[in-house]
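Below you'll find the structure, written out as C-alpha cells, and then a few comments.
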Protein chains: 2
Amino acid sequence: MAERNGKRPTIYDVAQEAGVATSTVSRALANPERVNARTREHVLTVAERLGYRTNPLARALPSGRTQTVALSVSDITNPHFFGVIRGAEQQTRAAGYTLILGDTEESPDLETSNIERLSGSVDGFVIAASRMSDEQIATLATSHRLTLLSRQVPGVPSVIVDHEDGTRQIIEHLASLGHTSVVYLAGPRRSWLASRRWHSIQASAARHGMTATRLGPFPPAVVGGAAAADATIGHGATAAIAHNDLLAIGMLRRLAARDVHVPRDLSVVGYDDIFGTDFCSPPLTTLAGHFEEAGRLAVDLLLGSRRGGPAPQRVLPSYLVVRESTGPALR
Amino acid sequence: MAERNGKRPTIYDVAQEAGVATSTVSRALANPERVNARTREHVLTVAERLGYRTNPLARALPSGRTQTVALSVSDITNPHFFGVIRGAEQQTRAAGYTLILGDTEESPDLETSNIERLSGSVDGFVIAASRMSDEQIATLATSHRLTLLSRQVPGVPSVIVDHEDGTRQIIEHLASLGHTSVVYLAGPRRSWLASRRWHSIQASAARHGMTATRLGPFPPAVVGGAAAADATIGHGATAAIAHNDLLAIGMLRRLAARDVHVPRDLSVVGYDDIFGTDFCSPPLTTLAGHFEEAGRLAVDLLLGSRRGGPAPQRVLPSYLVVRESTGPALR
DNA sequence: CTGAAAGCGCTAACAT
DNA sequence: ATGTTAGCGCTTTCAG
C-alpha cells in the first residue's frame, strides 16, 4: 500500500501512484467531465485502491464551499421541530451536504451568536421560527445566505405553512359549531407566528361576527398551559385557540384538573399537530402542515438560491385536523 | 478600514495593521499566555477594530482540530432523543465546539456511511443507540474517537442509563402487584438495548418466580404497537413490558380499541419516560433516566478522552415512574 | 486535456 | 517574546 506511514492518503499520493499531476486528480474527482475518460477512470481506480477519501476541510479552504448548512431551531425539545429537522437533514444529506444543528432556546441573542460563530464554516443557514427582528434578519441576509422557516421577511427566501388560510379554517370550524367568542392564548412576544396568528384570528373572527380576545403571552410549552387555562376560564369564552399544541396540551391538563370539560364547556384548538395530539385527552383539534416537507424545501431554497433573483416565499398548505377537543357551543 | 476589498480580514491584515508577525497574532488569539501582555492587548484591539473573525476551516487544516463533534441518532423522530440531543448540543457549545447531527433512520449502513463521510471533518463521534455490531464499533474505535450512548462495547467509552437495575425495578413492581407472567415486546433485532433488556427481564423474573416470554421483534414506534398488543392478548400474560414508550403508547391505543382495559386486564410498562407518557390514557408507567445528562456526559467523555487510558463506562441511574398503566393482577 | 505553481488562512517548529 | 518559514490538502488560474 502506498500510503505514507499511517496517515490518510492525499491527492498527492494518488497523483504519484497514478503518474499524473495533483491537479488532474483534483479534476477527476470534482469535475469528471473536464478530464479524459481514460485518465479519469485510472485515477479513480488508484484512488479507490489507496482508500483515498477527500478531506472536506482542505477542499473548503481554497474554494470557500464547506458543503455544510446550519439549521437553527428555537427549541429543540418542541416535537414540532422533529419533522423540520428530519426533513432538513434528509435533504441536506441528499445534496451531499452536512447538517449542523443549533438550539437557540428561544433566545435571540443565542441565535445571533450562533450564526456569528458558524459564519465561515457553513455555506448557509436555515433559521426556523426566528426570534430576531425583521431588521436583524434583513441585515444578516445581506452578508449571509439564509432561508427562513415559519417566518417571512421581505427580500429573504422563506417557507411557511399557511397560517392565514389555516386560521380561517379554525375560525370557520368554530363558527360552524356556534361559537361567538374566542380567545387566543398568545405565544412569545418576539414570535412572528404569534403576531400573524393573532392577526388572522381577528380578521377571520370579524368576518364571522365573533369576538376575539388575546390573552398572554404564555411560554409556548406544556408548562405554560396552566396559566393559559386559568386565564381562559376567567375570560369566559367558549372557544380557545392556543399558540401551539404544547400550550394546548398543557391547557387540557389544567382544565381537567379544574373540572372544566372539553369540549362541552370549552373547545380547544392548537397549531402544529405534534406527536401526542392524537392520544391526549381529549384528542386535540389542531392545524396540521407538512413540516418535514417544509424542512426539505427550506434546504432546497437555500442551496438553490442565486444572488440577485427575487427571494422566493413559499407557502405550504395547512389543514385542520378535527378531533375531540372541539364541539358545539352550549352557551 | 483596513480590510482588503470587501473580503473578511485575516490574521495577515491584523498583523500588518498591528505591526507584528502573523504568528504573533495567531498566538495572541490561541495561546494568550505565550505572548507579552502589552502586545497581546494591542493585537486584540486591532483585531477587534478590524472586525476580525478567525476562520475555523483554516484553523482546522494545519492543526487537525475541527472543534466539531458529530452526534448520530437512530431515529430523530423518537422523542426519547430530544433530551439526548439537547444535552449534547449544550455541552458541545459550552466547550466551544459545534454539533453535527446525523439521523441514521435505524439503518446500520446509513450509520457507517455517515461516519465515513464525516470522518475528517469532526473531532469525534457520539453514537446513540448504535445498530452496528460490536466488531464494527470496536474496529471503528481504533481509528476514530468515539463514545457510545445507550450501548456498551468493551474498550469503548460509553454512557448508559442503568437498564439492569431499572428492569429489576420494573419486575419487582409487577411482582408486588401479584403478576406471575410477563411478556416482553422486543425492539429491533440489532438493538443492543433490546437484547440487554430481555436478558435482565429473564433474570429478574426468574428471581421472583415469574415466567417471562419474549414476543416480536416489533418496530420501536407507535405503529408497532398494534401488532404488539395483539400478540400480547394472544399470549394471555397479565403484564407487558414494551421495548420503549413509543411502542407502549401504540399498544395502549390498540388495547383500548380491542376493549382490553389497562390496567385491569393488562398492565403495561415502557422505557424512557418520553414526552406524552404523562398524558396518554392511561398515563404510562415507565422507566425514566436523565437523558439530557447522558447527552452532556457523552460529549464530556468524548472531548476529555485520552488515548491509552481505560475506556470509561458510565452508568447513570434509572428510576421507575409509576403511573396508571400498571395495577394488581386479577387472574 | 494535462501539468506547474500559486495560494486559501492559519499553525507550529525553528530561529533569533 | 517575537519573527521566519514551511507546510496542512486541495483548488484554480495559467501555460503548454
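Chain identifiers are assigned alphabetically (A, B, ...) following the order of the sequence lines, protein sequences preceding nucleic acid strands; residue numbering begins at 1 within each chain. In this text, all values refer to a predicted model and were calculated from it rather than measured experimentally.
- Under the 4.0 Å criterion applied to side-chain N and carboxylate O atoms, E41(A) and R38(A) are not assigned as salt-bridge partners.
- Here the CG atom belonging to L118(A) is positioned 9.5 Å from the OG atom belonging to S72(A), to the nearest 0.5 angstrom.
- When heavy atoms are screened at a 4.0 angstrom cut-off, V20(A) is found touching the sugar-phosphate backbone but no base atom.
- When the side-chain nitrogen and oxygen atoms of S26(A) are compared with OP1 and OP2 of dC10(D), none of them lie within a distance under 4.0 Å.
- Using a 4.0 Å cutoff on non-hydrogen atoms, no part of residues 41-48 of chain B comes near DNA chain D.
- The base of dG9(C) has none of its N or O atoms less than 3.5 Å from a complementary donor or acceptor on the side chain of R53(B).
- One finds a salt bridge joining E17(B) and R49(B) here, because a Lys/Arg side-chain nitrogen approaches an Asp/Glu carboxylate oxygen to under 4.0 Å.
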Which pairs, protein N/O on one side and nucleotides 5-7 of chain D N/O on the other, fall under 3.5 Å?
none

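- The CD-C1' distance, from Q67(A) to dC10(D), rounds to 13 Å in whole Å.
- Residue L50(B) contributes atom CG, which lies 14 Å from atom P of dG9(C) at whole-angstrom precision.
- Counting only N and O atoms by type, the side chains of S119(B) and R8(A) include a donor and acceptor under 3.5 Å apart.
- When the P atom of dT11(D) is taken as reference, atom CZ of R27(A) falls 11 Å away, rounded to whole Å.
- L29(A) has its CG atom 15 Å from the P atom of dG9(D), to the nearest Å.
- Backbone-only contact: R65(A) has heavy atoms under 4.0 Å from sugar-phosphate atoms and none from a base.
- By the 4.5 Å heavy-atom criterion applied to side chains, R93(B) and L110(A) are counted as neighbours.
- Residues T112(A) and Q136(A) bring no donor and acceptor atom of their side chains to less than 3.5 Å of each other.
- Remark: C1' of dA1(D) and CD of E33(B) are 13 Å apart, rounded to the nearest angstrom.
- I76(B) has its side chain out of reach of E89(A): every pair of non-hydrogen atoms, C-beta onward, lies at least 4.5 Å apart.
- Residue T39(B) has a polar side-chain atom (N or O) positioned under 4.0 Å from OP1 or OP2 of dT2(D).
- Applying the side chain to side chain donor-acceptor pair (under 3.5 Å) rule to R151(A) yields the partners D134(A); only residues at least two apart in sequence or on another chain are considered.
- A salt bridge does not link D123(A) to R65(A): none of the charged side-chain nitrogens sits closer than 4.0 Å to a carboxylate oxygen.
- Contact check, Y12(A) against dT11(D): no side-chain N or O comes under 4.0 Å of OP1 or OP2.
- One cannot find a donor-acceptor pair under 3.5 Å joining the base of dG9(D) and the side-chain atoms of R8(A).
- Residue S63(B) is the one, among S63(B) and R34(B), whose nearest nucleotide of DNA chain C lies closer to the 5' end (criterion: closest heavy atom).
- Comparing L61(B) and N31(B), the nucleotide of DNA chain C nearest to each residue sits closer to the 5' end for L61(B).
- Note on R59(B): a side-chain N or O is less than 4.0 Å away from OP1 or OP2 of dT11(C).
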